[in-house]
2 protein chains.
Amino acid sequence: MSQLSESTEMYLKAMVELGLNEIVSISRLAERLGVTPVSANEMVRRLGDQGLLTHTPYKGVALTKKGREAACNVVRRQRLWEVFLYEHLHIEWAKLYELACSLEHATAPELTEALATFLGDPKFCPRGNPIPAVDGSFLPLNGKTLSATQVGETLKVLAVNATATDVLKYLQERNVLPGRELTVLEAAPLQGPLTLKVGDKDVALGLSLAEFVIVK
Amino acid sequence: MSQLSESTEMYLKAMVELGLNEIVSISRLAERLGVTPVSANEMVRRLGDQGLLTHTPYKGVALTKKGREAACNVVRRQRLWEVFLYEHLHIEWAKLYELACSLEHATAPELTEALATFLGDPKFCPRGNPIPAVDGSFLPLNGKTLSATQVGETLKVLAVNATATDVLKYLQERNVLPGRELTVLEAAPLQGPLTLKVGDKDVALGLSLAEFVIVK
DNA sequence: TGGAATAATAAGGTTTACCATAACATTTTA
DNA sequence: TAAAATGTTATGGTAAACCTTATTATTCCA
């Protein structure tokens, strides 16, 4: 199993975050990674050459079996570090992803497993997302995105799927965090924002933000 | 203060490991870093442009004040991670440097200080080397290299200054580790190896290896 | 003091992962 | 079904940090 480059790991991670079994368009992938579609196209070809994913022109990109395994491994490292940073170093919730991301790239397999043991083999990261086991399996989240809910529903936040620090900060400041309850008060028309009741505060949340929030 | 590249950090670290106030020849630097002297020359010019070190042609390289500060910071991160890996993840002693090295490059300042606090602000790494404080100060080792000792002396190992995993493994297997006592039984002529008594075993140690061992 | 060893510089090459611009292909939608 | 939107490919360019080979400069030592 060859070593993956940092960039490769980012692409794999993005594929998991956009849905492990989804077919993802190159433009969506590019947007998530903050690169141009042309660059993403190039890179996808390279990952394809390595057998990590398949690209059907004009349709999108999907992970292969090999890619899915590699990706779960990367995500495992990422989320284990998030747990360590949160629980032991008391790093601010919104910064966890970014800081753990750098460490992830620098983590040898033997280190990953030692870390997992140290942490007590946690099953979820502080953002509420499952941590894949060594074999790639993980506990699924039985939820839906907040953007797909009805007005009036009271829901519990299961996980936040965002990664950008500013997005996470926004949610943190409004208490849209795993474990919290919220009620959907209103959905503005024409793809407008949702109005939520979180605790005793009203929170306005754009639909694209609401897609990052998994609730039940 | 701009972010330093991984390569820059390696050069700075090497400068500290070869002696914080020494003038180091480019070839020695190149050897330590496993690059050709031509490459080291190029890179030294770049670090010189950044004001991190000064190069006197045909003499050698020295850290500037700015370079020394940056270097101590890098070394601080490196050695804090070594402590974490050793004490909490129980990683094998000989592998600490290499594994901590990767993590070091990926560590933001806020992370470094959170880690230091978590570890209880340790003053020495598991190889016995001092951990610089935030301000760059550190407790000096009042020792000498094992290669500069007399036959018959009984000494205590203060630190091991090596970084290559195979060198560290060699020393680990022979119990030449910080805290251990040893006696110099013999020094072979013509730069030949030392024979040591470590515990109840005799150990042969080449002079260049002995230079990595700081004793008192 | 002259030759060997060491050091520096010059020139050109490699890889990875991006970028921009432009041209062309396909799909969507109006 | 045609135009707009989206996706793909081609071409050429950048930066960092290495590499090799060759030439030139300096220092060391006998």
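Because the structure is a prediction, the values reported are computed rather than measured. Naming convention: chains lettered A, B, ... in sequence-line order (proteins, then strands); numbering from 1 in each chain.
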Go nucleotide by nucleotide along DNA chain C from the 5' end; which of B/Glu42 and A/Glu42 gets its closest nucleotide reached first?
B/Glu42
Look at B/Ser27 and C/dT6 and indicate whether a side-chain polar atom (N or O) is within less than 4.0 Å of OP1 or OP2.
no
Can you tell me which nucleotide in D/dC18, C/dT21, C/dA8 comes closest to the side chain of A/Val38?
C/dT21
Write down the distance between CD (B/Glu9) and P (D/dA17), rounded to a whole number of angstrom.
11 Å
With A/Glu9, which of A/Val74, A/Val75, A/Asn73 fulfils side chain to side chain contact (heavy atoms under 4.5 Å, CB included)?
A/Val74
Selected nucleotide, minimal atom distance to B/Asn41 side chain, candidates C/dC19, C/dT9, D/dG7
C/dT9
Spacing between A/Gln50 atom CD and C/dT16 atom C1', to the nearest angstrom
11 Å
Sub-3.5 Å donor-acceptor pair from the side chain of A/Thr64 to the main-chain atoms of A/Leu52, do we have one?
yes
5'-most contact on DNA chain C (nearest-nucleotide basis), A/Tyr58 vs A/Glu6, goes to A/Glu6
Between D/dC19, C/dC18, C/dA8, which nucleotide has the shortest distance from any of its atoms to the side chain of B/Ser39?
D/dC19
Donor-acceptor pair, A/Arg76 side chain versus A/Ile131 backbone, under 3.5 Å?
no
Whole-Å distance separating the CG atom of A/Leu4 from the C1' atom of C/dT16
14 Å
Please tell me whether B/Phe84 and A/Phe118 form a close aromatic pair, meaning their ring centres lie under 6.0 Å apart.
yes
Taken to the nearest whole Å, CZ/B/Arg45 to P/D/dC18 is 13 Å
Nucleotide C/dT6, atom P - distance to CG of B/Leu29 in whole Å:
17 Å
Check the phosphate of C/dA17 against A/Ser5, side-chain N and O only, distance under 4.0 Å to OP1 or OP2. Yes or no?
yes
Any side-chain N or O of A/Thr36 under 4.0 Å from OP1/OP2 of C/dC19?
yes
For B/Ser7, answer base if it contacts any base atom (sugar-phosphate contacts may also be present), sugar-phosphate if it contacts only those atoms, and nothing otherwise; contact means non-hydrogen atoms under 4.0 Å.
sugar-phosphate
Is the side chain of A/Ser39 donor-acceptor paired with the backbone N or O of A/Val35 at a distance under 3.5 Å, no angle test?
no
First encountered from the 5' end of DNA chain D, between B/Arg46 and A/Lys59
A/Lys59
Rounded to whole Å, how long is the line connecting atom CD of B/Glu31 with atom C1' of C/dT6?
14 Å
Can you check the A/Arg28 CZ to D/dG7 C1' distance for me, whole Å?
16 Å
Quick one: B/His55 NE2 to D/dA25 C1', roughly how many Å, whole number?
13 Å
